[in-house]
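The residues of the chain are indexed from 1 along the displayed sequence.
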Amino acid sequence: GYGHTVPLSDGGKAFCIIYSVIGIPFTLLFLTAVVQRIIVYVTRRPVLYFHIRWGFSKQIVAIIHAIVLGFITVSCFFLIPAAIFSVLEDDWNFLESFYFCFISLSTIGLGDYVPGEGYNQRFRELYKIGITCYLLLGLIAMMVVLETFCELHELKKFRKLFYVKKDKEEDQVHIMEHDQLSFSSISDQAASMKDDQKANEPFVTSQSPTSNDSSLNN
């Protein structure tokens with residue numbers, strides 16, 4: 001949302017709202033699915049390879065790998081594109097170009113710097129398509145780097161400091177209450193089943209003692 005292209009009519013604004021409600025979740029799902037597949041080959045397998053093949057500590061390998069991956073990402077998606085934008089855009093210096101790359105890939109998108117807006121821009125359509133591909137690949141790379149750093153053991157320990165700890169005693173009380181309820185319900189069901197069986201059993205006529213005595217006398 002750079003802000004230099006906006007809908008003016010009511011229909012365009014309504015379409016933009018509906019399209020955003022549907023498009024943004026699907027875009028996030030798409031990026032998440034792509035990142036989960038890329039991180040297997042970019043992060044997990046290389047770390048596991050150096051850990052098993054060379055015998056290095058897995059934590060040390062993961063830290064070094066995250067630093068190297070972060071440096072490569074900053075170079076390929078911040079420094080080099082900033083230098084290219086400073087050449088292609090007449091009124092941008094390197095700092096302004098780097099600022100555009102950071103604002104865009106961090107999903108801030110202020111819109112104060114937008115490339116390819118000059119009327120004398122050569123191959124403007126192709127330039128816009130290239131910028132779109134750069135932003136899409138840059139977002140994927142940023143998510144891969146963030147996911148790589150989040151998998152570090154040290155950051156996992158740091159994140160656990162903000163988790164809400166559950167009270168074990170309360171959990172045990174709830175489990176015992178649940179078990180008691182389940183046992184009482186089972187016993188009630190068994191008692192009711194016995195009553196039903198007794199009710200369904202055929203009645204056996206018992207002989208009276210007088211009849212037995214008469215039979216013996218005979």
Side-chain angles (χ1 to χ4, degrees), residues 1-44 46 62-152 155 158-159 162:
Y2 289 133
H4 63 290
T5 301
V6 295
L8 299 177
S9 63
D10 294 338
K13 294 175 182 178
F15 174 78
C16 183
I17 293 173
I18 297 173
Y19 179 78
S20 299
V21 170
I22 299 174
I24 291 175
F26 275 97
T27 303
L28 294 176
L29 289 175
F30 169 75
L31 293 176
T32 303
V34 172
V35 169
Q36 292 298 324
R37 285 163 175 77
I38 291 177
I39 200 171
V40 175
Y41 300 97
V42 175
T43 299
R44 294 171 184 169
I63 293 173
I64 297 174
H65 174 268
I67 294 173
V68 172
L69 184 62
F71 177 76
I72 293 173
T73 302
V74 170
S75 300
C76 295
F77 292 95
F78 288 92
L79 298 177
I80 296 176
I84 295 174
F85 282 127
S86 62
V87 173
L88 296 178
E89 299 292 330
D90 297 331
D91 53 349
W92 289 14
N93 55 26
F94 181 81
L95 178 59
E96 292 172 339
S97 301
F98 186 87
Y99 170 80
F100 163 76
C101 296
F102 176 80
I103 292 297
S104 299
L105 296 184
S106 60
T107 67
I108 298 174
L110 296 177
D112 47 353
Y113 287 91
V114 180
E117 291 299 308
Y119 291 101
N120 56 350
Q121 182 73 47
R122 297 180 59 185
F123 307 105
R124 185 180 180 185
E125 291 78 9
L126 184 61
Y127 186 40
K128 290 286 187 180
I129 295 174
I131 293 171
T132 303
C133 295
Y134 158 74
L135 294 176
L136 182 61
L137 294 177
L139 289 174
I140 294 174
M142 290 293 294
M143 293 179 68
V144 170
V145 172
L146 291 177
E147 186 69 21
T148 300
F149 275 92
C150 288
E151 289 188 354
L152 294 178
L155 286 182
F158 179 74
R159 285 159 51 191
F162 300 95

Please report the interatomic distance [atom1]([X]) to [atom2]([Y]), rounded to the nearest 0.5 Å.
X: Ile38; Y: Arg44; atom1: CD1; atom2: CZ; result: 12.5 Å
X: Leu95; Y: Phe102; atom1: CG; atom2: CZ; result: 12.0 Å
X: Leu136; Y: Ile140; atom1: CG; atom2: CD1; result: 4.5 Å
X: Met143; Y: Cys150; atom1: CE; atom2: SG; result: 10.5 Å

Worksheet entry | Stepwise side chain to side chain contact (heavy atoms under 4.5 Å, CB included) check, Leu137 with Phe77 | CA-CA 9 Å; Leu137 294 177; Phe77 292 95; 4.0 Å; yes
Practice prompt. Kindly indicate, with the supporting measurements, whether the criterion side chain to side chain contact (heavy atoms under 4.5 Å, CB included) is fulfilled by Leu135 and Ser104.
Written response: CA-CA 7 Å; Leu135 294 176; Ser104 299; 3.6 Å; yes
Worksheet item: Would a distance-only check, ignoring hydrogens and angles, find a side-chain to backbone donor-acceptor pair under 3.5 Å from Lys13 to Val6?
Response: no
Worksheet item: Under the 3.5 angstrom rule, does the side chain of Tyr113 hit a backbone N or O of Trp92 as a donor-acceptor pair?
Response: no
In chain order, what residues pass the side-chain contact (heavy atoms from CB on, under 4.5 Å) check against [X], with sequence neighbours excluded?
X: Leu69; answer: Val42, Thr43, His65, Thr73, Val144, Val145, Thr148
X: Ile22; answer: Ile18, Phe26
X: Cys76; answer: Ile72

Worksheet item: Should Tyr134 and Leu105 be marked as a side chain to side chain contact (heavy atoms under 4.5 Å, CB included) after you check the CA-CA gap, both sets of side-chain angles, and the distance that decides it?
Response: CA-CA 9 Å; Tyr134 158 74; Leu105 296 184; 3.6 Å; yes
Counting C-beta onward and ignoring hydrogens, is there a side-chain heavy-atom pair between [X] and [Y] closer than 4.5 Å?
X: Phe94; Y: Phe85; answer: no
X: Pro7; Y: Phe15; answer: no
X: Thr107; Y: Met142; answer: no
X: Tyr99; Y: Asp112; answer: yes
X: Ile39; Y: Glu151; answer: yes
X: Gln36; Y: Glu147; answer: yes
X: Phe98; Y: Ile103; answer: no
X: Ser97; Y: Cys101; answer: no

Worksheet item: Which heavy atom in Val40 sits nearest to a heavy atom in Pro46, and how many Å separate them?
Response: O-CD, 4.3 Å
Worksheet item: What closest approach, in Å, do Cys16 and Ser20 show between heavy atoms, and which atom pair accounts for it?
Response: O-OG, 2.7 Å
Worksheet item: Heavy-atom count around Asp91 CG within 6.0 Å, excluding the residue itself: above 12?
Response: yes
